Amino acid sequence: MDWPTTTAEAQALQTQLAAQVLTQDDLALVDVNYVAGVDVGFVAGNRVARAAIAVLSYPDLQLREQSLATLPVTFPYIPGLLSFREIPVILCALNLLQRLPDLLLCDGQGLAHPRRCGIACHLGLLTQIPAIGVAKSRLVGHHAPVGENRGDWQPLMDKSEDKSETLGAALRTRPGTNLLYISPGHRISLETSLAYVLHCTRRYRLPETTRFAHKLASSPPPPLTL
DNA sequence: GCGACAG
DNA sequence: ATCTTGTCGC
């Protein structure tokens, strides 16, 4: 099956991909030296996507490499199908890196998705790089009230009345700010995902990786090609 | 039919 | 995501 064009094809592919997602910690996670933040911005009236990748050294979090790529948008934004809109340009940006990172922090959900295949799962499966979903808001699932201190969290549970499953976690990375929704993307467990997100977060709500990537993806005007 | 709904 | 000034609070 190649890249989907319709929502039906996209949903079918997600269901198929979800079966390949691994929630166990990959052995490579014992030696993580480079962590990357991935973010996508839109320009030209939302018709052009701009992906930015910021690779930071770990655990010191110093910017070591960055890449930028742009591509025409070919898929609309539909809740639950975000990856089909953003992954093409993200793969372009990844190909520009001299050295692939050991871990990816993606903007959006991982397992906490209707079909258990958020953008972090999809990207993790395509690259085979351990990936974590770091979302600023909730897509699915519910959770109990979260404490006010940094590091406090509550499991994000599926809404089903009988088959309750933990999809991820609602995490407080900073007091007085909104929560972050963390879920495994691929080749990593929820516990390890939470640990990495906290290690990558310092003075702000968002991880340093995400902040660098976001800064790159939406600061400079779109590069012109004449 | 009525809400909910990553970026 | 993106459009945007001032403003409340530590």
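Computed from a predicted model, the values in this text were never measured in an experiment. Within every chain, numbering begins at 1; the chains are lettered A, B, ... in the order of the sequence lines, protein sequences first and strands thereafter.
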**Report entry** Carboxylate-amine/guanidinium proximity below 4.0 Å for A/Arg187 and A/Asp26
**Finding:** yes
Are [X] and [Y] side-chain neighbours, meaning at least one heavy-atom pair lies under 4.5 Å?
| X | Y | answer |
| --- | --- | --- |
| A/Leu94 | A/Ile53 | yes |
| A/Thr210 | A/Asp107 | yes |
| A/Trp3 | A/Ile87 | yes |
| A/Tyr196 | A/Val32 | yes |

Requested in this report: Identify, residue by residue, the members of residues 150-157 of chain A with a heavy atom below 4.0 Å from DNA chain B, and return them in order of residue number, or none.
Outcome: none
Report task. Name all pairs fulfilling the salt bridge (charged side-chain N to carboxylate O under 4.0 Å, His left out) condition that reach into residues 60-70 of chain A, sequence neighbours left out, sorted by first residue then second. Result -> A/Asp60-A/Arg64
Report task. Output the distance between atom OG1 (A/Thr177) and atom CG (A/Leu179), rounded to the nearest 0.5 Å. Result -> 7.5 Å
Query - Passing candidate, side chain to side chain contact (heavy atoms under 4.5 Å, CB included) with A/Leu167, options A/His143, A/His113, A/Gln109, A/Arg116 - result: A/Arg116
Query raised in the report: Is A/His142 touching bases, backbone alone, or none of the nucleic acid, heavy atoms closer than 4.0 Å?
Result: nothing
Report task. Report yes or no: does A/Arg150 contribute a side-chain atom to a donor-acceptor pair with the main-chain N or O of A/Thr173 at less than 3.5 Å? Result -> yes
Query raised in the report: Is the side chain of A/Asp152 donor-acceptor paired with the backbone N or O of A/Val146 at a distance under 3.5 Å, no angle test?
Result: no
Report task. Quick one: the dot-bracket string of DNA chain B, using Watson-Crick and G-U wobble pairs with both distances under 3.5 Å, [ ] for crossing pairs and | for bases paired to another strand. Result -> .......
Query - Contacts of A/Gln66 that satisfy side chain to side chain contact (heavy atoms under 4.5 Å, CB included) - sequence neighbours left out - result: A/Leu63, A/Leu216
Would you list the protein and nucleotides 4-10 of chain C atom pairs, both N or O, that sit under 3.5 Å from each other?
none

Query - Protein proximity profile, nucleotides 2-7 of chain B - base contact B, sugar-phosphate-only contact S, no contact -, cut-off 4.0 Å on heavy atoms - result: --SBBB
Report task. Identify whether NZ of Lys or CZ of Arg in A/Arg211 sits under 6.0 Å from the centre of the six-membered ring of A/Tyr204 and within 45° of that ring's axis. Result -> yes
